[in-house]
Visitor: 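What follows is a structure written as structure tokens; I'll ask about it next.
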Amino acid sequence: MAYSKKVVDKFENTLNDPKAFNVGRFDPKEENVGTGMVGAPACGDVMKLQIKCEPSGNTHVIKDVKFKTYGCGSAIASSSELVDMLIGKTLEEAKAIKNKEIVDALELPPIKIHCSVLAEDSIKQAIEDYESKQ
Amino acid sequence: MTEKSTIYLDYASTTPVDPRVASKMMEYLTPDGEFGNPASRSHRYGWKADDAVEEARSHVANLVNADPREIVWTSGATEADNLAVKGVARFYKSKGNHIITSKIEHKAVLDPCRQLEREGFEVTYLEPNEFGIIQPEQVKEAIKESTILVSLMHINNELGTLNDLQSIGEITRESGVFFHVDAAQSTGKVKIDLSTLPVDLMSFSAHKTYGPKGIGALFVRRKPRVRIEALIHGGGHERGMRSGTLAPHQIVGMGEAFRIAKLEMTKDHEMIAKYHEKFLDEAMKIEHVYINGDLKNKVPNILNMSFNFVEGESLIMGLKDIAVSSGSACTSASLEPSYVLRALGRKDELAHSSIRFSFGRFTKESDVDKTLSILNSVVDRLRELSPLWEMHLDGIDLDTVTWNTH
């Protein structure tokens with residue numbers, strides 16, 4: 001299996017220091033938290049992404065992110081990579097993130113592109129959840 | 001070179017060549033060695049090579065209590081399986097067109113069966129029970145007028161479970177159906193006595209038993225006689241069943257490996273059984289661990305476990321200093337969990353989280369200890385990362401969740 005060094009490093013760093021890489025949870029009931037969960041155990045991957053936002057001008061800004069991912073090495077690396085992209089972004093900017101950016105950042109092999117698609121879905125769903133509460 | 005700090009626990013995939021075997025092989029390659037073509041009848045180079053090939057044939061026959069004339073050299077167990085399955089089917093096609101095998105055979109049997117289906121044969125794929133075992137009664141029920149061959153493995157390569165060859169063989173004998181057994185995982189692990197076992201064809205591999213890759217053999221019984229149609233033509237070597245110049249260094253390697261296997265089987269088994277017990281005891285202390293296969297009816301060198309709430313490929317990546325194999329084929333293009341585990345009726349998520357540990361002659365107790373300690377910590381950390389584990393701790397039954405699949 002030809003994983004890039006980037007995938008392997010991201011996976012290992014996340015595994016070895018989960019707190020530093022935003023592994024964890026927020027209380028999903030809090031009003032300023034949006035939760036997205038995508039995938040299924042039977043398919044081999046489940047991503048849970050939570051964003052904590054604050055209003056800023058006429059939009060909202062992502063202040064903090066937590067995630068947990070069950071899946072192959074590249075699924076975990078993709079989630080972790082996405083998290084790095086999110087903090088400090090407005091919801092509009094976060095919505096505009098495309099899976100291709102994760103593919104490029106991690107040099108994902110073609111058969112693992114679905115991991116990046118799943119990551120993109122997770123942020124879309126988290127934003128939807130957050131917006132429904134506002 | 002692979003970094004030797006990596007612990008090798010993938011003996012069911014392949015074994016290193018025993019150094020005693022390698023040094024013997026070296027005698028059959030170079031100008032000062034016996035490099036002759038065993039088919040050369042006109043000079044001593046040929047005679048010497050032929051002697052070596054025949055001695056090796058005896059060693060292979062001896063390990064399984066067969067007649068050396070019943071051993072046909074092949075390039076490996078895959079070729080032996082192909083030769084047995086296609087060879088019998090094509091030779092006896094006027095007698096019938098029905099073949100019986102199982103869903104958890106090695107691809108070396110399943111793919112030839114698929115090919116035979118394209119040629120007009122009918123194949124029944126038996127379902128194993130939850131432990132990966134085919135019951136003799138299933139074979140009995142599946143045999144019909146047109147059945148010519150039953151092909152089942154002895155030891156399953158993913159689970160280590162054993163089929164009851166004696167009982168199945170009695171049924172095939174009674175029905176006048178040939179019985180082929182893939183025994184690639186068996187040699188040097190369990191005793192096989194083909195003088196009494198009612199099996200007609202049996203496939204062997206050298207590289208699962210400390211011999212070289214690229215060489216195997218097919219046992220083709222003489223009494224009662226089994227005939228097969230060759231796959232490879234060109235010179236009529238191996239009594240017409242497998243043409244092509246024999247490779248004495250490979251053959252000598254397999255012979256020596258099997259000779260040593262006979263001498264050291266008990267010793268190897270005792271040591272490996274001890275490791276297996278220790279590994280199992282310790283690994284079972286981790287919560288939500290499941291054994292795939294049948295602890296009461298399996299070889300100790302293979303141990304297949306599922307770690308619930310953790311995905312197999314990430315577990316293998318986490319165990320980076322340990323060479324093991326995953327039941328999940330997520331690393332291949334298919335993204336499917338192992339067809340073997342699926343056939344046992346394991347939930348997909350458990351099939352996705354399975355790891356096969358396999359021990360061998362060169363495994364050390366410190367390898368077992370180190371693996372256990374790394375395994376414990378990696379499973380813990382991956383569970384900390386797993387939303388499924390979190391849900392489980394929150395008391396959510398994952399089977400009741402509606403998943404947002406993509």
Side-chain angles (χ1 to χ4, degrees), chain A residues 1-3 7-12 14-19 21-25 28 35-50 66-77 79-80 99 109-122 124-125 128-129, chain B residues 306-321 325-338 342 346-354 374 377-394 396-406:
Chain A
M1 176 74 203
Y3 271 145
V7 172
V8 175
D9 286 350
K10 194 77 187 168
F11 169 79
E12 284 179 358
T14 306
L15 189 64
N16 291 335
D17 195 355
K19 281 208 171 61
F21 285 81
N22 295 65
V23 173
R25 73 200 289 194
T35 303
M37 188 157 78
V38 292
C43 303
D45 30 35
V46 176
M47 291 181 183
K48 188 181 119 183
L49 184 78
Q50 293 185 299
K66 294 274 184 232
F67 85 99
K68 286 200 178 186
T69 291
Y70 160 90
C72 59
S74 68
I76 290 171
S79 295
S80 191
N99 75 301
I111 62 159
K112 294 294 183 179
I113 287 180
H114 74 281
C115 296
S116 68
V117 175
L118 210 56
E120 186 190 317
D121 289 352
S122 72
K124 292 233 157 73
Q125 220 191 69
E128 224 171 86
D129 181 54
Chain B
S306 287
F307 299 84
N308 207 0
F309 314 113
V310 169
E311 192 274 340
E313 196 219 72
S314 63
L315 184 51
I316 285 195
M317 272 178 86
L319 299 171
K320 67 184 166 103
D321 294 325
S325 134
S326 169
S328 164
C330 196
T331 45
S332 77
S334 65
L335 302 172
E336 291 281 316
S338 148
R342 264 203 169 158
R346 274 276 185 236
K347 284 196 299 184
D348 274 359
E349 46 267 52
L350 280 179
H352 271 299
S353 72
S354 78
I374 296 173
S377 116
V378 171
V379 169
D380 266 3
R381 283 183 287 156
L382 281 169
R383 281 183 175 165
E384 196 188 326
L385 237 83
S386 166
L388 305 182
W389 179 245
E390 180 183 278
M391 291 165 87
H392 165 74
L393 292 180
D394 288 345
I396 299 168
D397 178 358
L398 296 179
D399 291 334
T400 63
V401 176
T402 313
W403 299 100
N404 197 338
T405 47
H406 56 301

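Values in this document were obtained by computation on a predicted structure and should not be read as measured data.
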Visitor: Got a donor-acceptor contact below 3.5 angstrom from the Ser386(B) side chain to the Phe309(B) backbone?
Guide: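 A pair under 3.5 Å: yes.
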Visitor: Which heavy atom in Trp403(B) sits nearest to a heavy atom in Leu388(B), and how many Å separate them?
Guide: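 The pair with the smallest heavy-atom distance is CH2-CD2, 3.5 Å.
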Visitor: For the interface with chain B, which of Thr69(A), Val46(A), Val23(A) has the highest count of heavy-atom pairs at distances below 4.5 Å?
Guide: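 Max contact count across the listed options: Thr69(A).
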Visitor: For the backbone of Asn99(A) and the side chain of Glu120(A), can you confirm whether one donor and one acceptor N or O come within less than 3.5 Å of each other?
Guide: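 Yes, because the side chain of Glu120(A) sits within donor-acceptor range (under 3.5 Å) of the backbone of Asn99(A).
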Visitor: Pick from Pro18(A), Gly73(A), Gly71(A), Gly24(A): which one has the most heavy-atom pairs with chain B under 4.5 Å?
Guide: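 Top count of heavy-atom pairs under 4.5 Å with chain B: Gly71(A).
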Visitor: Looking only at atom types and distance, does a side-chain atom of Asp397(B) sit under 3.5 Å from a main-chain N or O of Asp399(B), one as donor and one as acceptor?
Guide: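 Yes.
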Visitor: Which atoms of Leu15(A) are under 4.5 Å from chain B, going by heavy atoms: the side chain, the backbone, both sets, or neither?
Guide: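 Both the backbone and the side chain of Leu15(A) come within 4.5 Å of chain B.
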Visitor: Chain A heavy atoms under 4.5 Å from Leu382(B): which part of the residue, side chain, backbone, both or neither?
Guide: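 Both parts, backbone and side chain.
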Visitor: Below 4.5 Å from any heavy atom of chain A, which atoms of Lys320(B) appear? Answer side chain, backbone, both or neither.
Guide: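 Contact with chain A is through the side chain of Lys320(B) alone.
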Visitor: Chain B: which of Gln125(A), Lys68(A), Met47(A), Met37(A) shares the most heavy-atom pairs with it under 4.5 Å?
Guide: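 Counting heavy-atom pairs under 4.5 Å, the top option is Lys68(A).
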Visitor: Please determine whether side-chain contact (heavy atoms from CB on, under 4.5 Å) holds for the pair Asp45(A) and Cys43(A), giving the CA-CA distance in whole Å, both sets of side-chain angles, and the decisive distance to 0.1 Å.
Guide: CA-CA 6 Å; Asp45(A) 30 35; Cys43(A) 303; 4.3 Å; yes
